[in-house]
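To start, the structure itself, in structure tokens.
Within every chain, numbering begins at 1; the chains are lettered A, B, ... in the order of the sequence lines, protein sequences first and strands thereafter.
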Amino acid sequence: MYYLLSALIGIIVAVMIAVNGELTAWYGVYPATVIIHLVGLVLVLVLVAARRPRLRPSCKLPFYAWLGGAVGVATTVFNNAAFGHISVSALLALGLVGQTVTALAFDHWGVLGTPRRAFNKKKLIGFTLVLAGVAVMLF
Amino acid sequence: MLVAIIISLLAGFTNVLGRTLNAKLTAATSQLCATLMNYVTGLVVSGLILLGLWQQLPPAAAEGLPPLWILLGGGALGVATVTLLNLTTHRISAFYLTLLTFVGQVFTGVIIDIILTKSFSWQNLLGGVLVSAGLAVNLAIDRRDGKGEVGA
């Protein structure tokens, strides 16, 4: 069941990017981004009201721990702005390329406290396949 | 098209950066608190950007409200994604979670393109197969190296 759920998460992410793109076509990139976050916040507040967690955050957090939401805005803006200019397949595939390269760089250099793991050159085989796939989609 | 390619790649970069930062916040508080903070800061930042750019914004493309599924769908699906990820993480291996999530995205993208363009593209399907195969190869290498997940 959790395998199906994992695939479902991927399906939802793809549909979400397309729906957000439609909202962008209606209102523009920045108003759409605000609406997306507003709707999300209202729903999270409903979850918070239902579960009543302890909401006192730790004071020892580094300042950048609060920046995740701001960085999330950039992700939404980028996806909304790219929608309609390339195919949804290419947009999603390029996003996954960006994620994989960033994750590897974070691992390789231990960025933001990520445990260091040296880049395995065998992964160039996988990257070649991914880039070939993206090229086939785009050209 | 070049600009769209670059910002799609950047979306992948900010996705991992945001996830890494949120993982730290989650470790120090709780998943729900971190998600709440994520949306609060997200709304404040996007609101400030909107206010800052207000004068330069083009008028809305259409009058009135869009259909509800467009207006509310994206925000709701974002929260659904976070909730389902919390449900699934640690219940199956990170290898399968990441692989299935990625493959689900790629092939749903192919289907969405068929719906939007009302035509089937062999290039998108072949590209989807190649991208999935490449991601699977790299994730398998990660797993053999003792690291199950791509990303933070």
Relative to chain A, which segment of [X] carries a heavy atom at a distance below 4.5 Å: side chain, backbone, both, or neither?
X       : value
W69(B)  : both
L57(B)  : side chain
L84(B)  : both
L85(B)  : both
V79(B)  : side chain
V137(B) : side chain

Verify the cluster assignment for [X] and [Y]: are they in a single hydrophobic cluster under the rule of side-chain heavy atoms below 4.5 Å apart?
X       : Y      : answer
M1(A)   : L97(B) : no
L92(A)  : V19(A) : yes
L43(B)  : L32(B) : yes
L43(A)  : L47(A) : yes
I111(B) : L96(A) : no

With a 4.5 Å heavy-atom cut-off, do [X] and [Y] have their side chains touching?
X       : Y       : answer
F127(A) : T100(A) : yes
E22(A)  : F83(A)  : yes
I11(A)  : F107(B) : no
T76(A)  : H37(A)  : yes
V110(B) : V88(A)  : no

Taking every heavy-atom pair that is under 4.5 Å apart, which of [options] has the most such pairs with chain B?
options                          : answer
L94(A), V39(A), V111(A), L91(A)  : L94(A)
G72(A), A82(A), S89(A)           : S89(A)
P31(A), G84(A), A93(A), G21(A)   : P31(A)
V130(A), N79(A), L5(A)           : V130(A)
V29(A), L124(A), N20(A), V134(A) : N20(A)
T33(A), V73(A), I36(A)           : V73(A)

Fill in: Region of I35(A) in contact with chain B, defined by heavy-atom distances below 4.5 Å
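For I35(A), the side chain is the part near chain B, not the backbone.
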
Worksheet item: With only heavy atoms counted, which part of A74(A) is less than 4.5 Å from chain B, the side chain, the backbone, both or neither?
Response: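 When you check distances to chain B, atoms from both the backbone and side chain of A74(A) fall under 4.5 Å.
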
Discussion item. Restricting to ring pair (Phe, Tyr, Trp, His ring centres under 6.0 Å), what partner residues turn up for W122(B), sequence neighbours left out?
Written reply: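 Residues passing ring pair (Phe, Tyr, Trp, His ring centres under 6.0 Å) with W122(B): F120(B).
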
Partner chain A: residue of [options] with the largest heavy-atom pair count (under 4.5 Å):
options                         : answer
V103(B), L71(B), V3(B), T35(B)  : L71(B)
L21(B), T83(B), V82(B)          : L21(B)
V44(B), L99(B), L53(B)          : L53(B)
A4(B), A140(B), S121(B), P66(B) : P66(B)
I7(B), I6(B), V45(B)            : I7(B)
L72(B), V106(B), V129(B)        : L72(B)

Practice prompt. Answer yes or no: is there a donor N or O on one side and an acceptor on the other, between the side chain of K123(A) and the main chain of L104(A), under 3.5 Å?
Written response: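 Between the backbone of L104(A) and the side chain of K123(A) there is no qualifying donor-acceptor contact (under 3.5 Å).
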
Discussion item. For Y30(A), is the OH atom crowded, meaning more than 12 foreign heavy atoms sit under 6.0 Å from it?
Written reply: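 No, not enclosed.
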
Discussion item. With side chain to side chain contact (heavy atoms under 4.5 Å, CB included) as the criterion, how do N15(B) and V71(A) come out once you've worked through the C-alpha distance, each side chain's angles and the decisive distance to 0.1 Å?
Written reply: CA-CA 8 Å; N15(B) 191 319; V71(A) 175; over 6 Å; no

Worksheet item: Which of residues 112-119 of chain B get closer than 4.5 angstrom to chain A, counting heavy atoms alone?
Response: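 Near chain A, by residue number: I112(B), D113(B), L116(B).
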
